[in-house]
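For reference, the structure is listed below as structure tokens.
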Amino acid sequence: MIMRTMILLLLAALSLPALAADTGLLLHDTTLRSKPVGDAAAVMSLKKNAAVTILERNGGWYRVSAASGKTGWLRLFDLRYQSQVKRRPLGTELRTLSSFRQGRGAVATGVRGLSEEDNAKAGNKRGDITPVDKLGDSGADARRFAAQAGLKSHTVAYGGERR
Amino acid sequence: MRYRLLILSPLLAVLLTGCKTLSVQNMDLGGLMDAGKQFARSKHQATEQEELAIGRTAGEEIMAGRHLLNDPAEQQYVNRVGEWLALHTERPNLHWRFAVLDDREINAWAAPGGYVFITTGMLNLMDSESELAGVLGHEMGHVLKKHHLHAIQRMARLKGTVELGHVLWQAAHANDKETGNTDPNQKKTMQRLQQSVSKLYSRGLSRENEMEADRIGVVIAARSGYDPYGLVAVLQKIESVKADNSALTRFMRTHPNTADRIAKLEPLLEEPALSSIHGLALANRFHQYVKQP
């Protein structure tokens with residue numbers, strides 16, 4: 001049992017991609033903060049175009065790691081996402097190994113809609129909307145599903161002000 | 001006789017409004033039968049039935065060459081999230097349908113009448129339910145503000161009762177064994193409709209429509225208890241995808257510059273009403289239902 005677990009862990013470690021993370025570039029000079037609030041203590045200053053590693057997001061803040069190795073929080077709007085590498089939480093890696101596949105989703109083989117040129121080539125063949133008509137959910141089920149996760153309703157006008 | 005009809009028409013409108021017994025393909029054709037209502041309706045705002053008929057034509061355009069992801073649990077999940085969002089809009093009773101398309105292209109679309117489509121390519125970029133809520137909310141914004149509906153009506157010249165009636169007739173008889181109505185005016189209307197739909201979805205909506213849908217998407221997600229930054233987080237990830245990636249070509253052709261969209265949302269998200277909402281991201285639940293590579 002222990003041997004089997006160790007072999008599985010070893011296989012998992014060998015199969016995991018080299019440590020990679022999402023990265024971003026600073027859009028302007030800014031301050032790295034100790035917490036995701038505007039008046040939190042400053043950790044360090046960062047210059048425009050500095051590269052950071054993005055560790056997590058909390059609302060309108062990213063926790064990042066700077067080149068110096070220091071970590072802290074930046075406002076979402078302070079950086080531009082540079083690259084995204086799909087990461088899976090360590091606890092789920094073993095479950096996903098057997099079903100790993102590149103780039104989920106069909107590659108288009110036929111001519112698809114939403115382009116005038118494509119439609120002309122396809123002889124204007126219409127798609128089938130009937131399977132979509134079977135979709136939808138009841139308000140009651142949606143409310144239950146939301147309640148399970150603790151989602152709470154708020155009153156906000158489209159302009160952003162409270163109603 | 002003419003004057004008597006003019007006097008009686010409002011009464012006819014009232015009497016016939018309740019006539020909603022004819023139903024085809026779950027569509028209520030009461031609007032077509034309601035001659036009094038048609039007579040009284042001077043601006044020809046499309047009824048919900050007409051909106052849905054136009055939406056089905058747009059949906060057929062989107063579905064051409066595409067198919068639903070064969071994962072009922074994931075489809076139900078996206079519909080549950082979408083329906084919860086819908087309960088926080090001005091059209092909670094519309095029959096909203098959310099479809100996950102098995103397609104590597106990064107995109108999402110809306111069609112009049114409550115159709116929302118999202119690709120697996122788009123879902124692959126996401127990390128949380130709040131991001132899904134933001135994108136679904138954006139598409140719902142197009143339906144709520146009738147962006148596609150008004151553009152299609154304008155382009156296809158579907159302004160009159162007669163033309164809208166043609167569209168309704170076509171939708172009601174879509175599954176007829178006969179090849180269709182031979183009325184040449186009917187055919188011309190449907191041709192104009194299909195061509196206009198094709199043109200609109202190929203070129204995209206106006207920049208103003210897209211920016212408005214962004215704002216609505218953020219607000220609907222916030223109303224529903226989600227972290228309101230979800231949509232911006234997705235836009236930032238889209239921005240990081242290489243410009244020559246074919247999965248993004250159509251999206252870039254039909255939407256404003258992503259950096260501009262993000263910049264436009266900053267003042268909205270800093271409004272106290274939104275920045276004070278500590279909404280939920282729900283990353284774990286998202287990953288439980290949405291399979292990613």
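Contact check for S153(A) versus H88(B): side-chain heavy atoms found under the 4.5 Å cut-off. Considering only heavy atoms from C-beta on, R80(A) stays 4.5 Å or farther from I262(B) through its side chain. Taking 4.5 Å as the limit, every side-chain heavy atom of F98(B) sits out of range of all side-chain heavy atoms of L135(A).
For the atom pair CZ (R144(A)) and CZ (R80(B)), the distance works out to 7.5 Å, reported to the nearest 0.5 Å. To the nearest 0.5 Å, the span separating OG1 on T130(A) from CE on M63(B) amounts to 8.5 Å. To the nearest 0.5 angstrom, K134(A) atom NZ is 14.0 Å from N79(B) atom CG. Separating the OH atom in Y115(B) from the CG atom in D133(A) is a distance of 3.5 Å, to the nearest 0.5 Å.
Between D227(B) and R57(A), at least one side-chain nitrogen of the basic residue sits less than 4.0 Å from a carboxylate oxygen of the acidic one, meeting the salt-bridge criterion. A salt bridge does not link E83(B) to R143(A): none of the charged side-chain nitrogens sits closer than 4.0 Å to a carboxylate oxygen.
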Give the C-alpha distance, both sets of side-chain angles, the deciding distance and a yes or no for side-chain contact (heavy atoms from CB on, under 4.5 Å) between Y81(A) and L235(B).
CA-CA 9 Å; Y81(A) 233 83; L235(B) 289 174; over 6 Å; no
Checking side-chain contact (heavy atoms from CB on, under 4.5 Å) for the pair I129(A)/I62(B): CA distance, chi angles, key distance, verdict?
CA-CA 9 Å; I129(A) 193 75; I62(B) 293 163; over 6 Å; no
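Across every non-hydrogen atom of Q236(B) and L76(A), the tightest pair is NE2-O, 3.0 Å. Heavy-atom minimum distance, Y158(A) versus I216(B): CE2-CG2, 3.7 Å. Of all heavy-atom pairs spanning V132(A) and A99(B), the tightest one is CG1-CB, 4.0 Å. Between Q76(B) and D137(A), the shortest heavy-atom contact is CG-OD1, 4.4 Å. For P131(A) against L68(B), the heavy-atom pair with the smallest separation is CB-CD1, 3.7 Å. A64(B) and R126(A) get closest at one heavy-atom pair: CB-C, 4.5 Å.
Per-residue heavy-atom pair counts under 4.5 Å with chain A were compared for A86(B), G225(B), S130(B), and the maximum is reached by G225(B). The most heavy-atom pairs under 4.5 Å with chain A, out of P92(B), S275(B), A233(B), A281(B), come from A233(B). Heavy-atom pairs under 4.5 Å with chain A were tallied for S240(B), P72(B), G82(B), G141(B); the largest tally goes to S240(B).
For T23(A), no part sits under 4.5 Å from any heavy atom of chain B, backbone or side chain. Of the atoms belonging to T254(B), not a single heavy atom falls under 4.5 Å from chain A. Only the backbone of D128(A) comes within contact range of chain B, with at least one heavy atom under 4.5 Å from a heavy atom of that chain. For L94(B), no part lies under 4.5 angstrom from a heavy atom of chain A. Neither the backbone nor the side chain of Q191(B) comes within contact range of chain A, judged by heavy atoms closer than 4.5 Å. Neither the backbone nor the side chain of E212(B) comes within less than 4.5 Å of any heavy atom in chain A. For a residue to count as touching a neighbouring chain, one of its non-hydrogen atoms must lie under 4.5 Å from one of that chain's; by this rule F117(B) touches chain A with the side chain only. Looking at R75(A), the atoms closer than 4.5 Å to chain B (heavy atoms on both sides) all sit in the side chain, from C-beta outward. Residue S83(A) touches chain B through its backbone alone, counting heavy-atom pairs closer than 4.5 Å.
Applying side-chain contact (heavy atoms from CB on, under 4.5 Å) to V156(A) and the options I220(B), V218(B), V219(B) leaves one that passes, V219(B).
With ring centers used as reference points, Y289(B) lies under 6.0 Å from F145(A).
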